[in-house]
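Being a predicted model, the structure only gives us computed values, none of them experimental.
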Amino acid sequence: MEQIPYPLRTERLVLRRFEPTDLDAYYAYQSLPETARYLLGDARSLAECMERVGKFSQQKFSQEGDWASFAVELAEQPGLLGEIALKWGTGGDAEHGYVGEIGWTLTPQAQGKGYATEAARAVLELAFGQLGFHRLHARLDAANDGSRKICERLGMRAEGLFQQNWFLKGEWTSEAVYAILRSEWRAQQ
Ligand SMILES: CC(C)(COP(=O)(O)OP(=O)(O)OC[C@H]1O[C@@H](n2cnc3c(N)ncnc32)[C@H](O)[C@@H]1OP(=O)(O)O)[C@@H](O)C(=O)NCCC(=O)NCCS
């Protein structure tokens with residue numbers, strides 16, 4: 001697969017590679033219980049954030065199982081607002097296309113402005129274009145309305161609901177899976 005051509009640009013945003021200097025802003029939103037509310041893990045410690053930002057800033061997207069983390073910031077006002085994550089999953093190949101997963105997180109102050117959807121669109125366009133993906137899916141807590149609405153705005157299909165598949169934050173929750181094929185993405189552009 002081709003290397004990720006950082007940075008990507010949209011109307012309002014720049015999606016770039018993480019840098020070690022993103023640590024404070026990353027920790028500020030990743031340490032919030034509201035950020036972790038619908039995620040598998042708990043709010044992250046400073047040590048976890050240091051490890052993750054360090055890893056993100058040196059990521060290679062060279063084999064199945066690898067992740068690409070896009071740091072999202074405003075074009076006109078640099079500063080980390082959140083991230084889009086793209087995973088190269090198992091099941092595709094260079095000839096027929098790759099399969100993978102996409103996810104998103106924004107700092108609370110940046111929510112409600114369409115930034116996550118705008119940034120995810122740029123990553124889908126890259127994935128289905130230059131990177132040669134065939135299919136992308138998203139996995140979410142079915143109660144995560146914000147995330148579900150992003151999937152719907154992107155034209156992703158609700159493919160499954162796994163009842164009480166995750167024990168999260170003290171209760172059984174259901175997992176929803178949304179997905180989109182390259183042909184479907186192309187058809188709606
Ligand atoms: C999931 C998450 C990224 C959704 O954030 P979000 O801000 O709702 O999503 P977007 O950035 O796409 O913004 C969409 C909202 O902005 C509104 N909006 C306001 N101005 C807008 C504009 N100029 N253009 C587009 N949308 C705009 C939209 O109407 C929409 O609001 P609505 O959902 O009330 O209809 C966020 O809640 C989050 O980070 N949660 C914590 C981590 C998490 O759960 N991640 C998902 C794991 S699966």
Quiz item: By side chain to side chain donor-acceptor pair (under 3.5 Å), which residues pair with Thr173, not counting sequence neighbours?
Solution: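 Counting only residues at least two positions away or on another chain, Thr173 forms no side chain to side chain donor-acceptor pair (under 3.5 Å).
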Quiz prompt | Partners passing side chain to side chain donor-acceptor pair (under 3.5 Å) against Asp93 (at least two apart in sequence or in another chain) | solution =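 Partners of Asp93 under the side chain to side chain donor-acceptor pair (under 3.5 Å) test: His96.
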Exercise. Kindly check if the number of other-residue, nucleotide or ligand heavy atoms within 6.0 Å of CD (Gln58) is above 12?
Key: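 Open.
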Practice problem: For atom CE of Met1, decide whether the heavy atoms of other residues, nucleotides or ligands shown that lie under 6.0 angstrom number more than 12. | Solution: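 Counting other residues, nucleotides and ligands, CE of Met1 exceeds 12 neighbours.
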For the pair [X] and [Y], find out whether any cationic side-chain nitrogen is under 4.0 Å from an anionic carboxylate oxygen.
X: Glu125; Y: Arg186; value: yes
X: Glu48; Y: Arg52; value: no
X: Glu159; Y: Arg135; value: yes

Quiz item: Have Ser174 and Gln164 got a donor and an acceptor in their side chains that come within less than 3.5 Å?
Solution: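 Side-chain D/A pair, Ser174 to Gln164: absent.
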Exercise. Tell me yes or no: between the side chains of Ser31 and Arg44, is some donor less than 3.5 Å from an acceptor?
Key: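 Side-chain D/A pair, Ser31 to Arg44: absent.
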Quiz prompt | Partners passing ring pair (Phe, Tyr, Trp, His ring centres under 6.0 Å) against Phe18 (at least two apart in sequence or in another chain) | solution =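 For Phe18 the ring pair (Phe, Tyr, Trp, His ring centres under 6.0 Å) partners, ignoring immediate neighbours, are Tyr26, Phe56.
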Short side-chain to backbone donor-acceptor contact, [X] and [Y], under 3.5 Å:
X: Asn144; Y: Leu140; answer: no
X: Glu118; Y: Arg12; answer: yes
X: His137; Y: Val177; answer: no
X: Gln189; Y: Trp185; answer: yes
X: Thr117; Y: Gly114; answer: no

Self-check item: Cluster overlap Trp88 with Tyr6, hydrophobic side-chain contacts below 4.5 Å
Solution: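 Yes, because Trp88 and Tyr6 connect within a single hydrophobic cluster, where side-chain heavy atoms sit under 4.5 Å apart.
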Quiz item: How would you list, by chain and number, every residue that makes a salt bridge (charged side-chain N to carboxylate O under 4.0 Å, His left out) with Asp141, sequence neighbours excluded?
Solution: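 Applying salt bridge (charged side-chain N to carboxylate O under 4.0 Å, His left out) to Asp141 gives none.
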Self-check item: Non-neighbouring partners of Glu19 that pass salt bridge (charged side-chain N to carboxylate O under 4.0 Å, His left out), sequence neighbours left out
Solution: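 Glu19 satisfies salt bridge (charged side-chain N to carboxylate O under 4.0 Å, His left out) with no other residue.
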Quiz item: Closest heavy-atom contact between Phe70 and Leu86?
Solution: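 Shortest heavy-atom contact: CE1-CB, 4.2 Å.
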Self-check item: Where at least one partner belongs to residues 68-84, residue pairs that pass side chain to side chain donor-acceptor pair (under 3.5 Å), sequence neighbours excluded
Solution: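 Qualifying pairs: Arg16-Glu73, Tyr29-Glu83, Gln30-Glu83, Gln59-Ser69.
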